[in-house]
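Following: one structure in structure tokens, then a few remarks.
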Amino acid sequence: MTSPTYSSTSAAAHSDEHPHQHPHQHPHAPAGHAHTDTATATATDPFAALAPSYNTRFAASLSHLTEHIIARRDWLGIDWTRPVEVLDYACGTGVVSKALAPYAASVLGVDVSPAMIAEYALAAPGNCRGQVADLVVSDPSDPSDPSDPLPDFFDLITLSLALHHLPNPALSLQRLAARLRPGGVLFVIENVSGFSADEMETMFAGAGVGEGFEYVDIGEGPAFLDLEGVERRIRACFVRGVKSAQGCE
């Protein structure tokens, strides 16, 4: 599913960690082929060892998440009858991208891990493209454009099981929301234990995506073994908010 903080972290197990959702960040999972702008994983990529087995290792959890995303796609408030451009940040191997690709015009999956993007490219639908980049500036004193800036603005930006791993969650949401078009939607999937509904609402409002805010507890997913071999279950929430026209000026 869904990449580090996007700053970087180890693959150590986290008590509520999503299957891969990178230890600092992402959930992950991914037909046609995605196009990728990245090289293969290197020794500096902490997810190089995990990426090849990620989809099989966490298959049940990824399937559960996919079902909920598809079932709630209209809840997002997106008009799927028109061309929709999606940014799937901390995309991992592409679970969110794969779930939304049939309804979107294009999906850009971005992750800081070359290994995850390599796996993304192997199985993502043809309207998906993977790119290695860090779009979050974690230093609040630096308001400049994020690294690897993308020229386009998006109708929907997703962040799955990654927010609680980021050094500065509120600033991270601001950086992502800045890439939304007026009326665009920010969709965050998180562990219920990560942030309360009130905390999420405050961060969404601060990022300029407080309109139409909704927080939904989707319940507990199937059991999986974490990186230390301990059985875990993730209880996730879906959170969405809309960017106002004023917030885009």
Side-chain angles (χ1 to χ4, degrees), residues 1-3 6 21 25-30 34 62 65-111 120 124-131 133 135-136 146 148-163 166 169 172-190 200-201 203-216 218 236-248:
M1 298 171 197
T2 69
S3 140
Y6 217 100
Q21 262 48 119
Q25 129 293 317
H26 55 317
H28 283 124
L62 298 182
L65 189 59
T66 296
E67 290 172 4
H68 277 277
I69 293 170
I70 293 173
R72 295 180 182 273
R73 66 186 182 278
D74 290 333
W75 168 82
L76 290 172
I78 296 292
D79 180 3
W80 298 107
T81 64
R82 62 178 179 77
V84 174
E85 295 179 67
V86 178
L87 169 61
D88 179 11
Y89 189 59
C91 64
T93 57
V95 63
V96 178
S97 293
K98 182 179 177 181
L100 295 177
Y103 315 102
S106 65
V107 181
L108 175 61
V110 176
D111 201 292
Y120 181 106
N127 62 336
C128 295
R129 176 171 64 90
Q131 178 172 327
L135 305 184
V136 173
D148 298 300
L150 302 173
D152 298 325
F153 284 90
F154 299 88
D155 303 293
L156 173 64
I157 295 178
T158 71
L159 179 66
S160 177
L161 295 172
L163 187 62
L166 304 183
S172 297
L173 293 186
Q174 291 173 29
R175 299 302 190 197
L176 293 177
R179 297 178 182 275
L180 283 170
R181 293 189 173 103
V185 174
L186 179 63
F187 173 37
V188 174
I189 301 172
E190 251 306 327
M200 279 290 200
E201 186 168 17
M203 289 192 291
F204 269 60
V209 286
E211 292 189 3
F213 176 85
E214 289 193 49
Y215 176 109
V216 177
I218 67 169
C237 59
F238 281 11
V239 189
R240 51 140 278 178
V242 179
K243 184 170 186 175
S244 66
Q246 292 84 354
C248 293

>> Would the distance check show the side chain of N127 and the main-chain N or O of A101 forming a donor-acceptor pair, the cut-off being under 3.5 Å?
In response: yes
> What pair of heavy atoms forms the shortest contact from D155 to R82, and how long is it?
Replying inline: OD1-NH1, 3.4 Å
> Got a sec, which residues hit ring-ring contact (aromatic ring centres under 6.0 Å, His included) with Y215, two or more places apart in sequence or on another chain?
Replying inline: none
> Closest heavy-atom contact between I78 and L156?
Replying inline: CD1-CB, 4.1 Å
> So how far is it from I189 CD1 to L65 CG, rounded to the nearest 0.5 Å?
Replying inline: 4.5 Å
> Considering all heavy atoms of both residues, which atom of R175 and which atom of L135 are nearest to each other, and what is their separation?
Replying inline: CB-O, 3.9 Å
> Is there a side-chain contact between L108 and Q131 (heavy atoms, below 4.5 Å)?
Replying inline: yes
>> Restricting to side-chain contact (heavy atoms from CB on, under 4.5 Å), what partner residues turn up for A178, sequence neighbours left out?
In response: none
>> Exactly one of T158, V86, T66, L62 should register a side chain to side chain contact (heavy atoms under 4.5 Å, CB included) with V96. Which one does?
In response: T158
>> Which residues pass the side-chain hydrogen bond (donor to acceptor under 3.5 Å, both in side chains) test with W75, not counting sequence neighbours?
In response: E214
>> Using 0.5 Å steps for rounding, measure from the CG atom of L180 to the CZ atom of F153.
In response: 9.0 Å
> Can you tell me how far NZ of K243 sits from CD1 of I157, rounded to the nearest 0.5 angstrom?
Replying inline: 7.5 Å
>> Using 0.5 Å steps for rounding, measure from the CD atom of E190 to the SG atom of C237.
In response: 6.5 Å
> So, for A99 and I70, which heavy atoms are closest and what is the spacing to 0.1 Å?
Replying inline: O-CG1, 3.8 Å
>> Which residues pass the side-chain contact (heavy atoms from CB on, under 4.5 Å) test with A207, not counting sequence neighbours?
In response: L173, Q174, A177, V209
> Does anything in residues 67-78 pair up under salt bridge (charged side-chain N to carboxylate O under 4.0 Å, His left out), and if so which pairs, sequence neighbours excluded?
Replying inline: none
>> Return the CZ to CZ distance between F154 and R179, rounded to the nearest 0.5 Å.
In response: 7.0 Å
> Should L100 and D88 count as side-chain neighbours, where that means a heavy-atom distance under 4.5 Å?
Replying inline: no
>> Distance check, rounded to the nearest 0.5 Å: L186 atom CG versus R240 atom CZ?
In response: 10.5 Å
> Is there side-chain contact between F213 and V239, with heavy atoms separated by less than 4.5 Å?
Replying inline: yes
>> Show the nearest heavy-atom pair for residues G109 and Y120, with the distance to one decimal.
In response: N-OH, 3.4 Å
> At their closest point, which heavy atom of S172 faces which heavy atom of V136, and how far apart are they?
Replying inline: OG-CG1, 3.1 Å
> Are any non-hydrogen side-chain atoms of M200 and L163 less than 4.5 angstrom apart?
Replying inline: yes
